[in-house]
Amino acid sequence: VWDDATLTIGLEAHHNNGPWVDIEENLQKRNALVRYSNIIGDGCFDLTLMAYDNSWNAADQVPERAVKQGLISPYGSIDTTVGGESSRFSLSGSWKSEHLSLSAYAIRSELDLFSDFTYLLDDPINGDQFEQVDDRSIYGADLAYESYQSIGNMFLYHKSGIQMQYDAIDEVGLYHTRARERFDTVRSDRVDEHSVGIYYDLSVDLSEDLMFYVGARYDYFGVDVRSDILQNSGMTDDGLFSLKGGMSYMFSPHWEFYASAGQSFHSNDARGAMMHVDPSSGETVKPVDLLVQALGAEVGLRYFDAGNLNLSLSLWQLGLDSELLYVGDAGTTEPNRSSSRWGVELTAYYWWNDLVSSDLEFSWNHARFDDDAVDEGDYIEGSLPYVISAGITLTPLKELEATLRWRHFGERTLDSYNSVHSDPFNVVNLGLQYRRSNWRYRLNVLNLLDSDDHDIDYLYTSRLESEPSAGIEDIHFHPIEPRLMRFEIAYLF
């Protein structure tokens with residue numbers, strides 16, 4: 001730090017072989033960050049360079065039947081040659097004054113990922129391993145203007161802006177591979193995507209206790225797909241107008257009520273929006289919408305007591321016009337039905353005294369497809385019914401802190417009929433930190449109780465050697481890593 005300028009430099013190198021019995025993970029991750037900040041004119045300026053590079057051998061999910069039959073360990077693999085390489089380099093800058101803010105960024109990203117989920121189901125000779133490639137450059141900029149005004153006892157806050165992004169995708173492809181060697185191309189595409197969003201927000205403080213806000217936004221997306229399958233090439237675009245609004249009211253020194261509602265959207269894969277021929281089967285398919293709208297709402301209560309307790313309770317709802325999914329291992333877009341979700345969220349923070357504090361977060365939701373479909377139920381596969389996170393923090397000394405945290409995921413339905421479920425997931429982590437002068441010592445014990453619960457569970461059909469050609473539908477899971485201790489020493493300048 002000198003005068004008004006600050007230079008921050010961060011470097012990280014990480015290597016890990018993992019706990020897997022038949023794979024050396026050989027994770028080689030490197031991160032770097034350089035940030036320069038200064039005062040320029042009447043605003044704050046910063047310039048940031050970030051770099052990330054990683055390569056690894058992967059332990060994918062494994063079929064439950066293979067573990068029960070003793071063919072592999074829960075920490076084993078069916079295909080030991082999957083993994084990948086990834087890199088990301090970015091340069092970004094921003095300048096912000098009292099009223100005006102401007103930011104811009106450029107990103108270079110590359111991904112080469114090898115996976116194998118079904119083993120010998122589609123290709124009994126070569127196996128079902130496949131490679132996904134994503135090689136792109138991303139450019140974007142944001143410009144926003146803020147202003148304030150008072151009218152009588154009212155205070156008004158205005159914000160308007162424009163956001164732009166351009167993705168130049170040199171290659172996004174899917175290839176059949178054997179031990180990471182290509183032998184067939186499913187599809188290979190080049191894609192240009194550009195988007196522009198224009199918005200305006202208005203907040204009105206009618207009094208110290210009552211506030212309203214409204215907002216409007218228009219988003220435009222355009223894509224140009226150049227595919228190795230001529231029928232899947234072409235250009236398309238779409239635009240959506242969205243509104244939002246809300247209010248909050250402090251009806252006592254400790255209690256606040258709030259409500260909000262708004263429209264939003266998600267964009268689908270550009271290839272799905274231009275696809276007319278399934279690259280795997282050759283069958284005619286219908287393109288999907290480029291943009292899909294959503295509508296959400298939330299009401300809630302907050303309780304503030306700076307001395308001991310903070311509480312927040314909310315009831316929310318979200319409706320999606322479609323839950324479209326791009327299936328990477330097939331190169332196709334899978335259209336799903338519209339859906340509705342609603343749920344309850346509770347957060348609580350309690351300070352027992354100067355030495356002990358605790359926190360609790362609970363989330364429950366009800367997720368269903370809206371429409372009936374032939375040979376399908378209305379449950380959304382993989383949706384979590386509830387999540388609980390709780391922790392306690394002890395500070396016996398000013399320099400010493402200990403934290404114990406528990407996280408629980410409820411059983412997830414793995415099929416649309418709610419007939420197959422995952423097991424619940426539990427993990428406990430312990431953290432210890434000691435500060436002395438400029439030195440910081442940290443010990444983290446992850447998975448303190450050495451749980452063997454599953455990180456993920458999926459239900460689908462796969463085929464192992466000597467099994468029927470149609471394969472077997474089974475749960476495929478990835479276990480949480482066994483108990484792990486990490487010790488860190490840092491010197492803070």
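- At a cut-off of 3.5 Å, with distance as the only test, no side-chain donor of D134 or Q132 sits close to an acceptor on the other residue.
- Checked against the 6.0 Å centroid criterion, the rings of H254 and Y303 qualify as a close aromatic pair.
- The existence of a salt bridge linking D378 and R337 is excluded, since no basic side-chain nitrogen approaches an acidic carboxylate oxygen closer than 4.0 Å.
- Using modelled atom types, one finds no donor on one side chain facing an acceptor on the other under 3.5 Å when comparing D53 with S87.
- Counted by atom type alone, S109 and R136 present zero donor-acceptor pairs between their side chains at under 3.5 Å.
- A side-chain donor from one of S462 and H476 sits under 3.5 Å from a side-chain acceptor of the other.
- No side-chain donor-acceptor contact under 3.5 Å links D22 and T80.
- For the side-chain contact (heavy atoms from CB on, under 4.5 Å) criterion with D128, the lone passing option out of D79, L120, D123 is D123.
- Relative to the six-membered ring of F89, R108 misses at least one condition, a distance below 6.0 Å or an angle of at most 45° to the axis.
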With a cut-off of 3.5 Å and sequence neighbours excluded, list every side-chain donor-acceptor pair involving residues 464-472.
unit_1 : atom_1 : unit_2 : atom_2 : d
E467   : OE1    : R65    : NE     : 3.4
E467   : OE1    : R65    : NH2    : 2.9
E467   : OE1    : L464   : N      : 2.8
E467   : OE2    : R65    : NE     : 2.8

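- For M50, the CE atom sits in a loose shell: 12 or fewer heavy atoms of surrounding residues, nucleotides or ligands are nearer than 6.0 Å.
- In this structure, the ring pair (Phe, Tyr, Trp, His ring centres under 6.0 Å) partners of Y157, at least two apart in sequence or on a different chain, are Y148.
- Under 3.5 Å, the side chains of N426 and S451 contain no donor-acceptor pair of N or O atoms.
- Y258 and R302 are not linked by any side-chain donor-acceptor pair at a separation below 3.5 angstrom, with hydrogens and angles left out of the test.
- Remark: Y175 pairs with no residue by the ring pair (Phe, Tyr, Trp, His ring centres under 6.0 Å) rule, at least two apart or across chains.
- The shortest distance between side-chain heavy atoms of Q129 and Y119 does not fall below 4.5 Å.
- With respect to the salt-bridge test (charged N to carboxylate O, under 4.0 angstrom), the residues R412 and E381 do not qualify.
- Counting only N and O atoms by type, the side chains of S419 and D415 include a donor and acceptor under 3.5 Å apart.
- For S160, the side-chain contact (heavy atoms from CB on, under 4.5 Å) partners are Y145, Y200, not counting sequence neighbours.
- Other residues, nucleotides and ligands contribute only 12 or fewer heavy atoms inside 6.0 Å of the CZ atom of R407.
- Residues satisfying the side-chain contact (heavy atoms from CB on, under 4.5 Å) test with S281, not counting sequence neighbours, are D278, E283.
- Around atom OH of Y199, more than 12 heavy atoms belonging to other residues, nucleotides or ligands sit under 6.0 Å away.
- Between atom CH2 of residue W316 and atom OG of residue S260 there is a gap of 13.0 Å, rounded to the nearest 0.5 Å.
- In summary, the side chains of Y166 and D192 do present a donor paired with an acceptor at a separation below 3.5 Å, with no hydrogens or angles considered.
- Salt-bridge formation is detected for the pair D189/R187: a Lys NZ or Arg NE/NH1/NH2 atom is positioned less than 4.0 Å from an Asp or Glu carboxylate oxygen.
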Tell me which donor-acceptor pairs under 3.5 Å the side chains of residues 211-223 have, and how far apart each pair is, sequence neighbours excluded?
unit_1 : atom_1 : unit_2 : atom_2 : d
R217   : NE     : D219   : OD1    : 3.1
R217   : NE     : D219   : OD2    : 2.7
R217   : NH1    : Q163   : OE1    : 3.2
R217   : NH2    : Q163   : OE1    : 2.7
R217   : NH2    : D219   : OD1    : 3.1
Y220   : OH     : D237   : OD2    : 2.9

